[in-house]
Every structure is written in structure tokens, then in C-alpha cells.
There are 2 protein chains.
Amino acid sequence: MANTEGRILAAAKEVFIAKGFDGARMQEIADIAKINKALLHYYFRSKDKLFEAVFKETLLQIGPMVLSFVNEPIPLEVKIWKFVDEYIEIIKNNPKLPLFILNEIHVNPERVINFLNIGAFLDTDALQAQLNKETEVLSTSRIDVKHFVVNILSMTIFPFIGKPIMQKTLKIKEDDWEKFLEERKRIIPQTIMNWIKINQKV
Amino acid sequence: MANTEGRILAAAKEVFIAKGFDGARMQEIADIAKINKALLHYYFRSKDKLFEAVFKETLLQIGPMVLSFVNEPIPLEVKIWKFVDEYIEIIKNNPKLPLFILNEIHVNPERVINFLNIGAFLDTDALQAQLNKETEVLSTSRIDVKHFVVNILSMTIFPFIGKPIMQKTLKIKEDDWEKFLEERKRIIPQTIMNWIKINQKV
DNA sequence: GTCTATAAAGGGATAGAC
DNA sequence: GTCTATCCCTTTATAGAC
């Protein structure tokens, strides 16, 4: 059967993301990987080590992919559209990932803190410079790069994290969720650009 | 000593929020409440029942408080400012609450699904009507209430959920966090209002 | 109501055969 | 590499004294 280590990692990823570290059971991971518990420990010494492998792999997979072009010299508006579009597509394929990562950081910072250097490089100074150039052209007041980044990330990621509540509160049926996400690809850049464009000079 | 049940609930809330249901230990709750494990089971039959009590109480406490004025007939811009301001203040006092609630919904929907009716009433139709009136006056194209609500909630709540990553990526020191939140009280309404104001008619 | 002691089950980890 | 059997610690839950 196809390589065991790969199957274990895939199964572990599935269970850890669905249940979190504390809720995950080695037995369930073994069952899904179609092996027994003992073999888990043969490949990865402990639950901690297995989690570490999964978490590291996940961050390496998702981190750089997204931010690769953020530091590149392309027009601001294009950058925003591209970022939102790509990010939503990626998370659509891994909708539970953001909450999983954020929650593990929360409940056990010590366990994951070592890997947080891996993803998420962002040249804030360069981005702030690009923002300054943009607002200069538009003759509007400056935009703080911190709030710029937080606004975009928030509006892009939060709908996935809060999906059940969003669906309930706003009466979005599961069939309409995909359409809703497509709308957001348009709405988010629009919201950001409009914010920048009429930000009155004081 | 002050009423035991209250101390248990307070201790349980603290531990459940910090560690999640799966990570929480009855022993730790007992220690913090300065009683022994047996007494926990005397007051609340099981860990599940105790969690249920805590979760329900938490939702009841936070849900209606926030949305009480959202359905009221006050000007849109005032409503936005007030909402963001009050919401940020409330979460500042319970910064771990949003992630806790969202994660519990995620890892165990069955356990919490019954209580989700409690909070979060929102008259979306009325709010959509108010938005329509606003864009009519401004002669801009209509705003979808779904994205309106999601945008505001996202930008308000997400910074708390992603605090460690925000701090790291954007180099916000702990001392500056409070200031950062104060800035957001101004930035979020501004972002939303600007979005509405120059949303071009097609 | 509150305690100590202990049962009962769960779950991570290991030994040892093949 | 893979399995079965089992160890042993942790954790929830209960029994029973005071």
C-alpha cells in the first residue's frame, strides 16, 4: 500500500485540524491511516512529535504561498485583488485551517511558537511606502499599513472562521456559501480601495 | 466563603476559555475554585453539564448586550460608531471569548448547537432597508447587508482572534496594543463609511 | 455541603513476536 | 515494517464518612 508515513501524516492532519491537539485521538488517526496505534509511535515517537510534523508541514505549505507576491513591485490595487482572490481560493480548499492554527496558538503557545517564524514574512516598510505613494497621488491622507493589513486579512479570513455564525445570523444557506465567497472577492478590494480613495486630508 | 456554585462557575469559565473543553481539567477547575473534584460533580453532574452551564451563561451575557441597539432606529453612521466602540470595549474585557466560542462551535457543534439560538438576533431586513435609504440619499449603488455585517464584524473581532500573529507580523508591541485598538475604533467606521460613500452606481 | 478514597474508563506509549 | 497484547498514568466519576 502507498507509503505509510504519508498516510499517517494525512490522517493526522485531518484529525488534528478537526479536533485540535487535545481532542485528537491517536486511535482515530491510526484507524483513518488504516494501521494500528503502535505503528504511529514507530514512525513518530509521540503525539507531540506527530503534531509537530503536521503543524510544521501545514505552515510551510500555506505561509509562503500566499505572501509570495505581496512584497513584489506591482500596483497596489492589483496586489489587493490578487491577494484576496488567491487567499480565498486557498482557504476554500482548507476552510478549517485558519481557526485550527489560531486556536493552537491560543491554547498552547509553547508547543507551536517555534514554528511561527516559518510563514508570514511581510516587508511592512515597503508596503507602507507603496501606500504613501498611492495616497500622495490621490491627495488623500496617509493610511497606516498596520490597519491596512489587518483590514484585508480580517475581511478575508474571518468569514471562514465564523462560518456557522455568519450562516445563521445572515441566513446564508450552504448552497449559497460559494456564491457569497465569490462576492467577497469583489467586495473586499472595493471596500479597501474606497477607504483609501476618499480618506480626507486633514 | 462566598457561594460555592458561583466560584465553580467562575473557575470553570476561566479554565474552559483558556484551554478549551478538551484541554480543560476538572482538577484545575477545582483547585482554582478552592474545592475538590468531588464537589464539582455534586454541583454539576459531569464535565459536559458544567461546560454547558458555562457556555450558556457566557452567550447570554455577551450576545444581547452587543446587539441591543443594532435594531434601533438611529442614523447609520452613529450606529456603526457605537457598535464598533462598544464591541471593542466588551471584547477588550474578554479578549479570549471570541476564539473560544468559535472554536467550540468548530470542534464540537453538537455540544453547543442548542445554545446558538440564544445570542445574535439581527433584523437583517430592517438593516438592509436602512442601508438602502442611505445609499439612495448618497446616490450610490446598494450595499448588500450580508457583506456590510461581515465586514464590520470581521474588522472588529479578528484582531483579537489573531492577536499573536498580528503582533508578530506587524511588530506591534504589547504596550502599543491598547493604542492600536483605540485607533481601530476610528479606522473601522471610516473604512465602512467610505466604502458606502463612493460605491459607484452602475 | 464538603471531604477522602477509590472505582472505572480512556488513551498514550512500549515490549516482543513475526 | 507491521502486528497483538499490555502497561501505566491520567482523568472523569462515584461511594461513603463526617
Side-chain angles (χ1 to χ4, degrees), chain A residues 1-58 100 103-104 106-112 114-115, chain B residues 1-58 100 103-104 106-112 114-115:
Chain A
M1 216 181 274
N3 77 321
T4 309
E5 187 169 334
R7 286 213 320 285
I8 294 178
L9 277 172
K13 187 173 176 179
E14 179 185 333
V15 175
F16 277 132
I17 289 178
K19 311 280 180 73
F21 179 86
D22 293 318
R25 294 290 165 256
M26 296 297 267
Q27 185 62 60
E28 187 179 357
I29 295 173
D31 291 344
I32 293 177
K34 298 230 173 70
I35 52 161
N36 54 59
K37 271 194 302 179
L39 210 52
L40 284 184
H41 289 88
Y42 174 79
Y43 277 91
F44 304 85
R45 259 175 43 77
S46 65
K47 187 182 181 183
D48 269 282
K49 299 274 186 203
L50 177 56
F51 178 84
E52 188 176 315
V54 167
F55 198 79
K56 199 184 288 183
E57 195 200 53
T58 302
F100 166 67
N103 190 248
E104 292 302 327
H106 169 224
V107 297
N108 204 330
E110 310 84 50
R111 190 185 292 121
V112 301
N114 307 313
F115 319 126
Chain B
M1 215 181 278
N3 78 319
T4 309
E5 186 169 335
R7 285 213 321 284
I8 293 178
L9 277 172
K13 188 173 177 179
E14 180 185 333
V15 175
F16 278 132
I17 289 178
K19 311 278 180 75
F21 179 85
D22 294 316
R25 294 290 164 257
M26 297 295 267
Q27 184 62 62
E28 188 179 356
I29 295 173
D31 290 345
I32 293 177
K34 298 232 174 68
I35 51 159
N36 56 59
K37 275 190 301 179
L39 210 52
L40 284 184
H41 289 87
Y42 174 79
Y43 278 92
F44 304 86
R45 260 175 43 77
S46 65
K47 187 181 179 182
D48 268 283
K49 299 274 186 206
L50 177 55
F51 178 84
E52 188 176 316
V54 167
F55 198 79
K56 198 184 289 183
E57 195 200 54
T58 302
F100 166 68
N103 190 249
E104 293 302 329
H106 170 224
V107 297
N108 204 330
E110 310 84 51
R111 190 185 292 120
V112 301
N114 307 314
F115 318 127

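Just so it is clear: chains get the letters A, B, ... in the order the sequence lines come, proteins before strands, and each one is counted from 1.
Minimum atom distance to the side chain of M26(A) is reached by dG12(C), of the listed dG12(C), dT2(D), dT12(D). Listed candidates were dG11(C), dT14(C), dT2(C). Nearest to the side chain of A38(A) is dT14(C).
Taking the six-membered ring where the residue is Trp, F115(A) and F55(A) present tilted rings, their angle falling between 30° and 60°.
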Inset, instruction - Determine, step by step, whether I17(A) and V54(A) satisfy the side-chain contact (heavy atoms from CB on, under 4.5 Å) criterion, reporting the C-alpha distance in whole Å, the side-chain angles of both residues, the deciding distance to 0.1 Å, and the verdict. - result: CA-CA 10 Å; I17(A) 289 178; V54(A) 167; 5.7 Å; no
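Here dG1(D) presents its P atom at 10 Å from CD1 of I8(A), a figure rounded to the nearest Å. Nucleotide dT14(D) holds its P atom 14 Å from the CG atom of L39(B), rounded to whole Å. The CZ-P distance, from R25(B) to dC9(D), rounds to 17 Å in whole Å. Counting to the nearest Å, the P atom of dT14(C) and the CD atom of Q27(A) are 16 Å from each other. Computed from coordinates, the K34(B) NZ to dC3(C) C1' distance equals 17 Å when rounded to whole Å. The NZ atom of K37(B) sits 7 Å away from the P atom of dT12(D) (whole-angstrom rounding). Rounding to whole angstrom units, NZ of residue K19(B) and P of dT12(D) are separated by 12 Å.
Sorted by residue number, the members of residues 40-55 of chain B with any non-hydrogen atom under 4.0 Å from DNA chain D read H41(B), R45(B), S46(B), K47(B).
Side-chain nitrogen and oxygen atoms of T4(A) include at least one within less than 4.0 Å of the OP1 or OP2 phosphate oxygen of dT2(D). Close to dC3(C), at under 4.0 Å from its OP1 or OP2, lies a side-chain N or O of N36(B).
For the atom pair CZ of F21(A) and CG of N103(A), the computed distance is 13.0 Å after rounding to the nearest 0.5 Å.
Taking the six-membered ring for Trp and the full ring otherwise, F16(B) and F51(B) have centroids separated by under 6.0 Å.
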Can you list, pair by pair, the side-chain donor-acceptor contacts under 3.5 Å of residues 22-32 of chain B, counting residues two or more places apart and other chains?
residue: R25(B); atom: NH1; partner: D22(B); partner atom: O; Å: 3.2
residue: Q27(B); atom: NE2; partner: D31(B); partner atom: OD1; Å: 3.0
residue: E28(B); atom: OE1; partner: K19(B); partner atom: NZ; Å: 2.9
residue: E28(B); atom: OE2; partner: K19(B); partner atom: NZ; Å: 3.4

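The closest side-chain heavy-atom distance from V112(A) to N108(A) is not below 4.5 Å.
Residue contacts shown for A30(A) are absent, as no nucleic acid heavy atom lies under 4.0 Å away.
Remark: Y43(A) pairs with no residue by the ring pair (Phe, Tyr, Trp, His ring centres under 6.0 Å) rule, at least two apart or across chains.
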